Amino acid sequence: DGEKVHFLTTRDTSDPDALYVLRHSTAHLLAEAVMRLHPGVKIAIGPPIAEGFYYDFEFPEPISEADLEAIEEEIRREISEGREWTREQLSREDAIARFEAEDQPYKVELAREAEGAISLYTQGAFTDLCRGPHLQDATPIKAVKLTSLAGAYWRGDEKNTQLTRIYGTAFYSQADLDAHLERLEQARARDHRRLGTQLDLFHLSDHSPGSPFGHPKGMVLWNGLEDLRRRENRRRGYLEVKTPLLYDIRTYITSGHYDNYRENMFFVQPHEGEEPLALKPMNCPGHMLLFGSQLRSYRDLPIRYAESSTLHRDERGGTLHGLLRVKHITQDDAHVFVTEEQIQDEIDGMIDFVNYLYERFQVTPRAELSTRPENRLGTDEQWDRAEGALEAALRRHQLDYVISPGEGTFYGPKIDLHMTDVLGRSWQMGTIQLDYQMPVQFGLTYMGADNREHAPVVIHRALLGSLERFLGILIEHYGGEFPFWLAPVQALVIPVGENHREAGRALRDELVGGGFRVEVDDRDETLGRRVRDAELQKVPFVVVYGDREAEAARAWREFAQLAVRERGGEQSTLSLVELLERFRELAAEADPPG
RNA sequence: GCCGACGUAGCUCAGCUGGUAGAGCACUUCACUCGUAAUGAAGGGGUCCCCGGUUCGAGUCCGGGCGUCGGCUCCA
């Protein structure tokens with residue numbers, strides 16, 4: 001009608017909008033197929049999404065994944081039969097009447113809430129409420145695949161009916177679909193759970209669900225994060241503290257967590273008939289008690305308590321995921337007690353800190369400002385100030401951010417940093433939370449210059465977030481190919497034959513003595529085999545020692561010449577001195593000057 | 001917590017309509033002593049997730065539980 005496109009005319013299959021329209025139209029074919037195969041089904045809504053489309057239905061009988069095959073077959077039949085889309089426009093009342101007559105309550109609800117006239121698209125026996133645009137006909141749909149089945153709540157609210165969601169994807173050619181499936185497989189190869197087993201980093205066990213077992217190599221990575229955390233905290237005026245794991249319930253009633261998060265807390269009953277103790281799910285109350293244990297002066301502030309302690313959160317079943325969502329969680333946590341005037345500087349410093357940390361791994365998180373939720377403590381005026389302070393800091397650092405209304409914690413707004421895993425899912429990493437409430441709940445004060453008691457403001461922050469989660473994301477980010485400074489085994493020495501084993505071990509000792517993580521592989525295997533294994537373990541350097549190197553040692557001195565192979569295959573000849581120098585340069589990336 | 005799927009050797013997986021469990025890799029031993037992504041041979045290894053039921057007989061069928069996975073919801 002001159003303002004809006006109702007039908008797709010392009011055949012440029014590389015155009016993302018074209019793909020979007022193709023998938024949207026395929027979703028309508030799906031709905032038509034489902035209606036024919038499952039009479040009485042109620043149809044909800046089916047938008048295109050990043051990688052495909054989905055459609056939500058309320059089936060009269062439960063269906064299983066096995067049923068998808070028949071539905072997929074039916075879609076193909078529709079395409080081969082031919083489908084054309086037609087558009088009509090109705091008034092809201094007419095649309096409601098029409099869907100009521102068809103006994104489609106979800107459509108009725110959507111039509112009721114629509115503004116202005118309503119457009120309907122029809123293909124074959126199926127008419128749907130839809131903004132469009134659509135394909136003109138189904139002939140360009142060359143590849144369709146229904147990928148999975150899931151429950152999804154109507155309008156995303158778990159108080160509503162749970163509908164059955166069918167996911168699928170569609171392409172302009174079979175080759176494009178194959179390429180898509182190939183990309184998914186490649187992404188799965190980087191999955192931290194797969195690499196965790198392959199590289200012997202960690203494992204999960206039924207004996208303690210959601211609580212990863214850190215293997216020696218995984219712990220090298222873990223300690224790399226811990227070292228980074230400790231070193232930078234020390235440089236930035238944070239004070240390392242240690243607070244208990246078990247508390248009386250009263251502590252968590254005071255903090256407000258008992259009322260808000262009790263169902264996700266673990267409780268320990270020491271003996272029959274005794275009061276249970278709360279296993280800490282976060283460090284805040286401990287740090288509050290620590291602050292309150294002494295008289296504080298405004299001259300002491302800011303006080304920055306840092307602790308990376310083990311926390312336990314009893315996450316809802318069905319939400320655990322490898323290292324990315326665990327019950328046993330460790331945060332690079334800190335609580336900073338400040339005066340109102342110190343808030344801006346402190347948050348500025350934290351954002352600098354965040355930038356420094358994430359640059360170490362060449363990753364860029366997305367920032368999100370989460371504002372006041374419905375269920376909250378404190379006055380609107382306090383929330384105005386707190387939200388304003390966080391937003392001002394984001395602006396000053398010219399960080400791109402989105403606002404998530406209502407996503408703040410019950411005690412304050414927060415800046416969250418998000419990253420994406422190999423499956424394209426977003427995870428919250430670091431968080432900076434401004435809190436006017438908890439210090440008051442705990443009765444914390446400091447003596448001001450005016451010789452009066454004032455309540456401090458607390459900034460909660462975990463910059464990497466959960467160390468478990470950060471490690472998981474990091475494994476996927478590097479695909480297991482960790483930079484030299486972080487790699488669990490930095491170099492592997494391979495003596496060619498039996499006669500070279502002694503020299504190989506001596507070389508290993510030299511490199512270990514230089515402060516590096518080096519192992520020797522003197523198994524009875526061929527050189528090719530051992531190089532292959534080193535590549536599969538993604539070891540950054542392999543040093544081969546055989547007759548040639550032994551000869552150079554006799555002619556000049558030991559380790560005057562070494563055959564060095566870098567991950568990926570590049571080879572060079574270096575002396576031990578040169579190799580150590582190379583290692584030192586690479587290791588310095590952990591903490592570059594400036 | 002909800003919907004769907006899955007759980008078999010250390011790992012990845014096969015096992016048809018119920019008849020007493022298999023492959024590759026890994027591991028052990030022997031031979032080979034090797035020049036940059038897989039040397040050969042032999043051998044060991046299993047409460048088929050747990051509990052209950054059906055059956056002459058259950059890895060396989062049924063029920064319950066636990067765990068894992070893909071979503072939904074939640075995430076201090």
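All values below come from the heavy atoms of this structure, side chains included, with hydrogens, waters and symmetry mates left out. Please read these numbers as outputs of a predicted model, since none were measured by experiment. To find a chain, count down the sequence lines: A is the first, B the second, and so on, and within it residues start at 1.
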Any donor-acceptor N or O pair under 3.5 Å, side chains [X], [Y]:
| X | Y | result |
| --- | --- | --- |
| A:Thr310 | A:Lys280 | no |
| A:Thr243 | A:Glu307 | yes |
| A:Asp547 | A:His500 | yes |

Hey, does [X] reach any base, or is it just sugar-phosphate, or nothing, if we go heavy atoms under 4.0 Å?
| X | value |
| --- | --- |
| A:Leu163 | nothing |
| A:Ala150 | base |
| A:Arg425 | sugar-phosphate |
| A:Gly322 | sugar-phosphate |
| A:Ile63 | sugar-phosphate |
| A:Tyr167 | sugar-phosphate |

Which base sits across from [N] as a Watson-Crick or G-U pair, both distances under 3.5 Å?
| N | value |
| --- | --- |
| B:rG18 | none |
| B:rC75 | none |
| B:rG57 | none |
| B:rA42 | B:rU28 |
| B:rG67 | B:rC6 |

| request: Take A:Arg523 and A:Ala152, find for each the nucleotide of RNA chain B with the closest heavy atom, and name the residue whose nucleotide sits nearer the 5' end. | output: A:Arg523

| query | Of A:Arg193 and A:Glu65, whose closest RNA chain B nucleotide lies nearer the 5' terminus? | reply |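 The residue closer to the strand's 5' end, by nearest nucleotide, is A:Glu65.
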
Anything under 3.5 Å between a protein N or O and an N or O of nucleotides 73-76 of chain B, put it in a table, one pair a line.
from, atom 1, to, atom 2, distance (Å)
B:rU73, O2', A:Glu158, OE1, 3.3
B:rU73, O2', A:Glu158, OE2, 2.8
B:rU73, O2, A:Arg316, NH1, 3.4
B:rC74, O4', A:Arg316, NH1, 3.4
B:rC74, O2, A:Arg325, NH2, 2.9
B:rC74, N3, A:Arg325, NH1, 3.3
B:rC75, O2, A:Arg325, NH1, 3.2
B:rC75, O2, A:Arg325, NH2, 3.3
B:rA76, OP2, A:Lys414, NZ, 3.3
B:rA76, O3', A:Tyr411, OH, 3.1
B:rA76, O3', A:Gln433, OE1, 3.4
B:rA76, O3', A:Gln433, NE2, 3.4
B:rA76, O2', A:His257, NE2, 3.2
B:rA76, O2', A:Tyr411, OH, 3.3

In whole Å, measure the gap between the [atom1] atoms of [N] and [M] for me.
| N | M | atom1 | result |
| --- | --- | --- | --- |
| B:rA23 | B:rG45 | P | 13 Å |
| B:rU55 | B:rU20 | C1' | 15 Å |
| B:rG70 | B:rU12 | P | 14 Å |
| B:rC49 | B:rG43 | C1' | 29 Å |
| B:rC32 | B:rU68 | C1' | 43 Å |
| B:rU17 | B:rU54 | P | 23 Å |
| B:rA21 | B:rG59 | P | 9 Å |
| B:rC72 | B:rG15 | C1' | 34 Å |

Distance, rounded to the nearest Å, where [X] contributes [atom1] and [N] contributes [atom2]:
| X | N | atom1 | atom2 | result |
| --- | --- | --- | --- | --- |
| A:Tyr54 | B:rC72 | OH | P | 8 Å |
| A:Gln198 | B:rC11 | CD | P | 13 Å |
| A:Trp154 | B:rC72 | CH2 | P | 16 Å |
| A:Glu58 | B:rG4 | CD | P | 14 Å |
| A:His207 | B:rC50 | NE2 | P | 12 Å |
| A:Leu324 | B:rG71 | CG | C1' | 16 Å |
| A:Asp521 | B:rC34 | CG | P | 16 Å |
| A:Asp191 | B:rU68 | CG | P | 15 Å |

| With A:Arg567, which residues qualify under salt bridge (Lys or Arg N to Asp or Glu O under 4.0 Å), at least two apart? |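 Salt bridge (Lys or Arg N to Asp or Glu O under 4.0 Å) check on A:Arg567 returns nothing, list empty.
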
| query | Partners of A:Asp67 by salt bridge (Lys or Arg N to Asp or Glu O under 4.0 Å), sequence neighbours excluded? | reply | none

| query | Quick one: is B:rC3 close enough that its OP1 or OP2 comes under 4.0 Å of any side-chain N or O from A:Arg165? | reply | no

| Is the shortest side-chain N/O distance from A:His321 to OP1 or OP2 of B:rU68 below 4.0 Å? |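 No, because none of the side-chain N or O atoms of A:His321 sits under 4.0 Å from OP1 or OP2 of B:rU68.
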
| remark: Expected string for nucleotides 36-49 of chain B under the B/S/- scheme (protein heavy atoms, under 4.0 Å, primed atoms plus P, OP1, OP2 as sugar-phosphate) is BBBB----------

Between [X] and [Y] (salt bridge meaning N to carboxylate O under 4.0 Å), is one present in this structure?
| X | Y | result |
| --- | --- | --- |
| A:Arg548 | A:Glu551 | no |
| A:Arg316 | A:Glu263 | no |
| A:Arg155 | A:Asp157 | no |

Got a list of protein N/O to nucleotides 12-17 of chain B N/O distances below 3.5 Å?
none

| said: Once rounded to the nearest 0.5 Å, what's the spacing between atom CG of A:Asp314 and atom NZ of A:Lys327? | reply: 4.5 Å

| request: State, to 0.1 Å, how close A:Val241 and A:His287 come at their nearest heavy-atom pair, and which atoms those are. | output: CG2-NE2, 3.6 Å

| query | Does the A:Arg565 side chain pair with the main chain of A:Val543, one donor and one acceptor, at a distance under 3.5 Å? | reply | no

| Test item: A:Tyr258 side-chain N/O and A:Ser255 main-chain N/O as donor-acceptor pair under 3.5 Å | no

| query | Regarding A:Arg461 and the six-membered ring of A:Tyr238, is the cationic atom NZ or CZ under 6.0 Å from the ring centre and inside 45° of its axis? | reply | yes

| message | Checking side-chain hydrogen bond (donor to acceptor under 3.5 Å, both in side chains) between A:Thr420 and each of A:Arg425, A:Glu476, A:Arg366, which is the one that passes? | response | A:Arg366

| said: Let's see if you can work this out: which of B:rU33, B:rG4, B:rG70 has an atom nearest to the side-chain heavy atoms of A:Pro62? | reply: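 Output: B:rG4.
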
| field | Where at least one partner belongs to residues 49-61 of chain A, residue pairs that pass salt bridge (Lys or Arg N to Asp or Glu O under 4.0 Å), sequence neighbours excluded | value | A:Asp56-A:Arg165

